[in-house]
Structure formats: C-alpha cells, structure tokens
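Taking it in order: structure first as structure tokens, then the write-up.
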Amino acid sequence: TYVSPSFNGVTLSYTYQDNIVIDGAGAHGVGQTVSVTDIAYSAGPLAVGYRTVSTDAALNAAFKKASGYKASYDFGVAKVAMGAYKTTSQTNVATKQTAFQVTAPVGPIALSVSLGSQKVGTAVKYDSNAISATYALSKRTNVNLELVKWDSSTTTASPNRTRVTLTHSF
C-alpha cells in the first residue's frame with residue numbers, strides 16, 4: 001500500500017494485494033489479486049473521494065470491478081453526504097448503490113437520516129430509509145440507536161432492523 005502525502009488537500013493511494021484467501025471459495029479458499037486506487041480531497045468543510053477496485057477474473061465469479069464516489073459538506077449546523085458505488089460481476093451484471101445522508105447535532109445527540117437504493121441488474125431493486133441517534137457517553141465511548149426499513153421490488157416482505165450499538169475506541 002502506498003499513500004501519498006497530502007498536496008493542498010489531495011491524497012492518492014494505491015493498494016495491490018496478491019494471493020488473498022477468499023472465505024467460502026473451496027475448502028481452503030482461493031488466492032486472488034486485488035488492486036485498489038483512491039483519490040481524495042479534503043479541505044475545510046468539503047470532502048470528496050473516488051475509488052476503483054479490480055480483481056482476478058478467473059478466481060471470483062461474483063466480482064470483477066467496482067468504482068464509486070463520495071462527497072460531503074459540513075454546513076456547521078448539519079453535514080450532508082452522498083455517494084454512489086457500482087460493481088460489475090464476471091457475467092457483466094451491474095449492481096448500483098446510491099446513498100444520501102444528513103447528520104445534525106441536537107444538544108448532546110447527533111441525529112442522522114439516510115436514504116439509500118440498490119439495483120441489481122434490471123431485476124431487483126432495494127430502497128432503504130434509516131434514522132439513527134448517537135449519544136457520546138465520553139470522549140471515546142458512544143451509544144447508537146438505529147432504525148432501518150428496507151423495501152424490495154421482488155417481495156412484499158419489507159424487513160426492518162433496530163439496533164443498539166455501544167462502541168469504544170482505543
């Protein structure tokens with residue numbers, strides 16, 4: 001992995017890994033090569049980034065390449081972020097993901113609203129809505145409540161998820 005020094009807020013990175021073992025690909029996994037290129041800009045309230053990923057075609061039938069972007073702007077009273085990611089399988093089926101998020105501090109709590117979408121080829125589409133609240137218990141410890149609802153174009157079932165997470169950073 002190489003990460004360049006930041007030049008006026010721009011950082012470049014490149015990762016090349018050979019013989020990565022993939023879980024579930026045979027009794028002992030299969031080794032493959034992965035290449036990741038990132039470019040990011042961050043200065044003041046604006047942050048943007050672009051990533052490409054590629055892998056060996058013969059060793060992973062579900063994944064051949066991917067690319068995506070992300071951008072965020074901190075308005076002070078709220079932070080707005082968005083992004084998109086596209087993966088392509090060996091059979092050239094594209095999966096497109098998009099997301100939009102607004103996060104705002106309300107007293108000691110950070111509230112976040114997220115909207116997302118995923119489309120697999122021309123057949124399946126998923127939409128999601130999420131609301132989360134994060135409370136800082138200390139400088140390094142947070143508790144987070146998250147409510148997520150998924151809608152699918154192929155089933156009447158709309159799974160919901162409620163999760164409470166306690167995190168501590170070292």
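Since the model is a prediction, treat every value here as computed from it, not as a measurement.
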Give a yes or no on whether a salt bridge exists between K79 and D74, defined as a side-chain N under 4.0 angstrom from a carboxylate O.
no
Residue list, ring-ring contact (aromatic ring centres under 6.0 Å, His included) with F75, at least two apart or on another chain
Y73
Which label fits H168 and F170: parallel for a plane angle under 30°, tilted from 30 to 60°, or perpendicular past 60°?
perpendicular
If you round to the nearest 0.5 Å, how far is [atom2] of [Y] from [atom1] of [X]?
X: R163; Y: E146; atom1: CZ; atom2: CD; result: 4.5 Å
X: N142; Y: L137; atom1: CG; atom2: CG; result: 7.0 Å
X: R51; Y: S13; atom1: CZ; atom2: OG; result: 7.0 Å

Are [X] and [Y] side-chain neighbours, meaning at least one heavy-atom pair lies under 4.5 Å?
X: Q118; Y: T95; result: yes
X: V93; Y: V120; result: yes
X: V53; Y: T87; result: no
X: N8; Y: Y41; result: no
X: D127; Y: L115; result: no

Before you tell me yes or no, could you show the steps for Y50 and T37 under side-chain hydrogen bond (donor to acceptor under 3.5 Å, both in side chains), namely the whole-Å CA-CA distance, both residues' side-chain angles and the distance that decides it to 0.1 Å?
CA-CA 8 Å; Y50 182 77; T37 305; over 6 Å; no
Nearest heavy-atom neighbours spanning [X] and [Y]:
X: V77; Y: A104; answer: O-CB, 3.5 Å
X: Q101; Y: S112; answer: NE2-OG, 2.8 Å
X: N144; Y: S132; answer: ND2-CB, 4.1 Å

Around atom OH of Y135, are there more than 12 heavy atoms from other residues, nucleotides or ligands closer than 6.0 Å?
no
Is the backbone N or O of L12 less than 3.5 Å from a side-chain atom of S4, with the two atoms forming a donor-acceptor pair by type?
yes
As a quick check of understanding, evaluate side chain to side chain contact (heavy atoms under 4.5 Å, CB included) for Y69 and V48, giving each step before the final call.
CA-CA 7 Å; Y69 73 88; V48 294; over 6 Å; no
